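Data first, discussion second: the structure below is written as structure tokens.
Everything numeric in this text was worked out from a predicted model, so none of it was measured. Both ligands and their constituent atoms are indexed starting at 1 by order of listing.
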Amino acid sequence: MSNPYETTYQESINNPEEFWGKAAEDCYWLKKWDKVLDDTKKPFYRWFTGGEMNTCYNALDCHVDVEGRGDRTALIYDSPVTNTVARYTYAELRDEVALFAGGLSRLGATKGDRIIIYMPMIPEAVIAMLACARIGAIHSVVFGGFAAKELATRIDDARPKIIVSASCGIEVKKIIPYKPLLDAAIDIASSKPEKCVIFQRTQLTAQLTKDRDIDWGDLMKESSPAACVPVLATDPLYILYTSGTTGQPKGVVRDNGGHMVALKWSMKAIYDIDKDDVWWSASDVGWVVGHSYIVYAPLFKGCTTVIFEGKPVGTPDAGVFWRIIAQHKVKCMFTAPTAYRAIKREDPRGEMIKQHDLSHFKILFLAGERSDPATVQWSEHNLGVPVIDHWWQTETGWAIAANCMGLKPFPVKYGSPTKAVPGWDVQVLDLDNQKLPAGEIGALSVALPLPPGALVTLWENDDRFIEAYLREFPGYYKTADAGMIDDEGYIYVMSRTDDIINVAGHRLSTGGMEEVLAAHPDVAEAAVLGVHDALKGQIPVGFLVLNSGVTRDHDEIIKEVIAMVRNQIGPVAAFKSAAVVKRLPKTRSGKILRGIIQKMADNQEYNMPATIDDPVILDEIGEALEGLGLAKARS
Ligand code: COA
Ligand code: AMP
């Protein structure tokens with residue numbers, strides 16, 4: 001008997017044009033594409049060239065105008081931090097989006113203009129994103145936990161005409177004023193937006209800047225609805241910045257057509273979601289998971305999506321996930337393992353789960369970091385549903401590896417996100433670009449072309465795109481994850497091969513943090529690495545070498561560098577530990593041996609590298625780690 005996963009996978013790899021052409025028939029096009037896959041400008045591949053469509057039309061209008069489903073719930077806003085539950089039907093959401101799109105047009109935004117969205121988890125964030133798509137403007141959502149300087153870097157790279165923001169965010173019980181961060185970012189940036197639209201929240205209203213800021217409500221009152229603007233399938237839909245190996249983030253560019261086709265297809269194949277199902281992705285619109293699976297994919301599919309303004313614990317307690325699943329009859333949820341670790345820590349026996357009727361709940365999906373077996377098993381045991389780990393990246397836009405629940409579920413192997421998803425030709429390569437046999441660890445790579453929905457380039461930087469992803473392994477996309485594939489095709493993702501760390505499901509660059517530390521006047525050199533943390537997966541720890549002659553109190557300097565990272569990168573970096581050392585361990589050629597310090601901190605065995613310039617230095621590092629409460633391992 002044929003296996004639907006195998007058949008689908010083989011079709012997608014052997015005949016991608018036919019496969020994705022068929023998937024595209026499920027979407028609404030204004031003009032059919034000339035070519036499904038255009039490979040005339042290798043290594044740049046484009047999907048559905050010549051096709052015209054509109055992403056917002058496919059997310060909203062088609063359900064109202066064509067399918068007669070305008071009265072179905074599109075969006076549920078559940079905010080325990082403001083005690084609010086609000087629902088929008090497809091017709092209501094379409095009307096709000098059309099009106100705000102009219103407002104953006106009134107402010108001068110047109111197709112191709114960039115619009116930065118810096119907002120908390122409120123429906124207006126979703127409305128702003130879809131409104132940009134409606135008029136063909138390119139949105140760039142910036143996560144609220146980033147500091148003003150990070151926002152400024154993104155403003156300078158994207159050069160937005162308009163920024164859409166809110167007066168404040170709410171972090172558990174803390175009100176975070178957004179407007180001062182926005183103002184500071186605009187001050188730092190050399191590119192200035194023409195206008196800022198500010199959504200005033202009742203918890204804290206912001207002082208508007210004369211001649212620049214407009215109140216969201218006023219703009220809506222003055223505007224009339226805008227129609228969907230036809231765009232090319234290959235036109236950019238959004239830029240999403242993600243950590244690179246330096247302080248300069250990478251502006252991942254996603255197109256309209258391929259993104260729509262792949263995401264709509266993924267809802268059934270990977271997540272087993274149909275129209276009218278209730279889907280909940282507990283992420284943030286500032287991350288790729290929020291883009292793809294809070295906003296676009298569920299709305300393309302015509303199901304109900306939940307937007308959650310809260311935390312897994314503390315809003316008000318570790319039972320909030322179960323309350324939401326029960327109250328809104330959620331069929332599947334998607335979040336990061338760290339969220340479940342936080343719940344498990346507070347309610348180890350799952351007592352709060354038993355207080356709710358979870359009979360509608362069918363599958364839990366986890367991604368963003370490796371799913372540790374203990375968390376997966378705790379969730380399986382207490383929820384009684386399949387727990388599906390899947391692997392993806394900001395760049396890929398959707399899952400590279402998963403247990404495709406709408407095709408054929410496979411037995412779970414703990415520690416593996418199961419198999420390559422149709423469309424993704426995943427290979428393990430050695431440093432000579434040769435495929436490694438099953439079971440051998442190497443560079444996880446994807447043979448080109450990448451499927452629709454993956455990044456098409458970096459914003460205005462084709463050279464960096466090639467350099468970062470395509471140069472090292474010719475013919476392949478470099479994921480920068482190391483891992484292996486076993487003899488049954490199960491993929492194992494072990495670790496990053498660059499300096500990216502994953503802190504509570506948030507992707508951060510230790511290189512970016514090192515740049516901040518090195519800018520302290522007393523610091524000569526710094527190293528930051530991610531060490532294991534039971535809740536957040538990893539947390540950053542810094543080592544500082546001071547300039548000679550510095551006699552100041554080390555604790556003072558440490559406090560200052562911690563504040564610098566918080567102010568320049570943001571609280572989300574969770575940078576709270578640092579130590580002063582006399583020297584950093586290095587190879588004789590001067591490369592800092594971060595891997596060894598990390599292994600020492602994580603209490604793992606390590607081998608003394610033959611190239612180390614001075615082994616004695618490791619004793620001092622070991623003492624510093626002990627001082628920070630991190631274990632010291634002996635080789
Ligand atoms: N705006 C402003 N500040 C924010 C913020 C936002 N949107 N998001 C986080 N922060 C701040 C927090 O207030 C906190 O500040 P603090 O140092 O003053 O306490 C800091 O950034 C770290 O926040 P967070 O990473 O959320 O850690 P936490 O300790 O508050 O909570 C978890 C831990 C595990 C509960 C939380 O990280 C979580 O829910 N993670 C899920 C991650 C996720 O959804 N990832 C998306 C990929 S699927
Ligand atoms: P981001 O771009 O923030 O989504 O982070 C992508 C990185 O997170 C990947 O390159 C991996 O290192 C890691 N990651 C995401 N999902 C998984 C997973 N299921 N298993 C292991 N690592 C993961």
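- Between M513 and M564, every side-chain heavy-atom pair lies at or beyond the 4.5 Å cut-off.
- Taking the ring centre of Y118 as origin, the terminal cationic atom of R154 falls outside the region bounded by 6.0 Å and 45° from the ring axis.
- Residue R496 approaches ligand 2 through these ligand atoms, each under 4.0 Å from one of its heavy atoms: 9 (C), 10 (O), 12 (O).
- Side chain of T497 to main chain of A480: a donor-acceptor pair is present (N/O by atom type, distance under 3.5 Å, no hydrogens or angles).
- The protein non-hydrogen atom at the shortest distance from atom 18 (C) of ligand 2 is E369 O, 3.3 Å.
- For A574, the heavy-atom gap to ligand 1 stays at 4.0 angstrom or more.
- Counting the atoms of ligand 1 from 1 in the order shown, those under 4.0 Å from a heavy atom of V289 are 48 (S).
- The protein non-hydrogen atom at the shortest distance from atom 1 (P) of ligand 2 is T394 OG1, 3.4 Å.
- Protein heavy atom at the shortest distance from atom 4 (C) of ligand 1 is E171 CD, 3.4 Å.
- In this structure, the separation between SG on C168 and CG on L204 is 5.0 Å, given to the nearest 0.5 Å.
- With hydrogens left out, the protein atom closest to atom 40 (N) of ligand 1 is T338 CG2, 3.6 Å, a heavy atom.
- Looking at atom 25 (O) of ligand 1, its nearest protein heavy atom turns out to be H506 NE2, 3.2 Å.
- In terms of protein heavy-atom proximity, atom 3 (O) of ligand 2 is nearest to R507 CB, 3.2 Å.
- Under a cutoff of 6.0 Å and an axis angle of 45°, K413 and Y490 form a cation-pi pair.
- When only interatomic distances are considered, the shortest N/O to N/O separation between K576 and ligand 1 falls below 3.5 Å.
- Of all atoms in ligand 1, listed by their number and element, those nearer than 4.0 Å to a heavy atom of P312 are 35 (C), 39 (O).
- Note on ring orientation: taking the six-membered ring where Trp is involved, the planes of W378 and Y340 are perpendicular (angle over 60°, cut-offs 30° and 60°).
- Among protein heavy atoms, atom 22 (C) of ligand 1 sits closest to P571 O, 3.7 Å.
- Heavy-atom contacts of V493 reach the following atoms of ligand 2: 21 (C), 22 (N) (cutoff under 4.0 Å).
- Between S283 and ligand 1, not a single N/O pair is under 3.5 Å apart.
- For the pair Y178 and ligand 1, a heavy-atom separation below 4.0 Å is found.
- Of all atoms in ligand 1, numbered sequentially from 1 with element shown, those under 4.0 Å from a heavy atom of R566 are 16 (P), 17 (O), 18 (O).
- Contact analysis puts K536 in contact with ligand 1, with a non-hydrogen atom separation below 4.0 angstrom.
- For a threshold of 3.5 Å applied to N or O pairs, the pair formed by T479 and ligand 2 contains no separation below that value.
- Among protein heavy atoms, the minimum distance from atom 16 (N) of ligand 2 is reached at G368 N, 3.1 Å.
- The closest approach between a heavy atom of F143 and any atom of ligand 1 is below 4.0 Å.
- Using a 4.5 Å heavy-atom threshold, the side chains of S445 and V428 count as separate.
- Closest to atom 42 (C) of ligand 1, if we only count protein heavy atoms, is A504 O, 3.2 Å.
- Close contacts between ligand 2 and W392 involve ligand atoms 4 (O), 6 (C), 9 (C), 15 (C), 16 (N) [criterion: under 4.0 Å to a heavy atom].
- Between H259 and F300, the angle of the ring planes goes over 60°, which puts this pair in the perpendicular group of the 30/60° scheme.
- Ring geometry for W287 versus F146: interplanar angle over 60°, hence perpendicular rather than tilted (30 to 60°).
- Using a 4.0 Å cut-off between heavy atoms, D481 contacts ligand 2 through its side chain alone, with no backbone atom that close.
- The two residues P422 and C404 come nearest to each other via the heavy atoms CD-SG, 4.0 Å.
- Close contacts of ligand 2 with H390, meaning ligand atoms under 4.0 Å from a residue heavy atom, involve 16 (N), 18 (C), 19 (N).
- Within the 4.0 Å heavy-atom shell around ligand 1 one does not find G169.
- Summary of contacts: the protein heavy atom closest to atom 30 (O) of ligand 1 is K311 NZ, 3.4 Å.
- Using a 4.0 angstrom heavy-atom cutoff, R341 does not count as in contact with ligand 1.
- Under the side chain to side chain contact (heavy atoms under 4.5 Å, CB included) criterion, E124 pairs with Y88, M119, I122, F199, W216, sequence neighbours left out.
- When the shell of 6.0 Å around CD of Q207 is examined, it contains 12 or fewer heavy atoms from other residues, nucleotides or ligands.
- Near A282, the atoms of ligand 1 lying under 4.0 angstrom from a non-hydrogen atom of the residue are 44 (O).
- Below 30°, between 30° and 60°, or above 60°: for H390 and W392 the angle between ring planes is between 30° and 60°, a tilted geometry.
- Distance CZ/R254 to OG/S292: 6.0 Å, rounded to 0.5 Å.
- F308 has its ring centre less than 6.0 Å from the ring centre of W280.
- The protein atom (non-hydrogen) at minimum distance from atom 19 (O) of ligand 1 is K174 NZ, 3.8 Å.
- Atoms CE and OG, from M333 and S281 in turn, are 7.5 Å apart once rounded to the nearest 0.5 Å.
- Atom 8 (O) of ligand 2 has its closest protein heavy atom at N502 ND2, 3.1 Å.
- Judged by a 6.0 Å distance limit and a 45° cone about the ring axis, K419 is positioned over the six-membered ring of F410.
- Of the protein's non-hydrogen atoms, G144 O, 3.5 Å is the one closest to atom 2 (C) of ligand 1.
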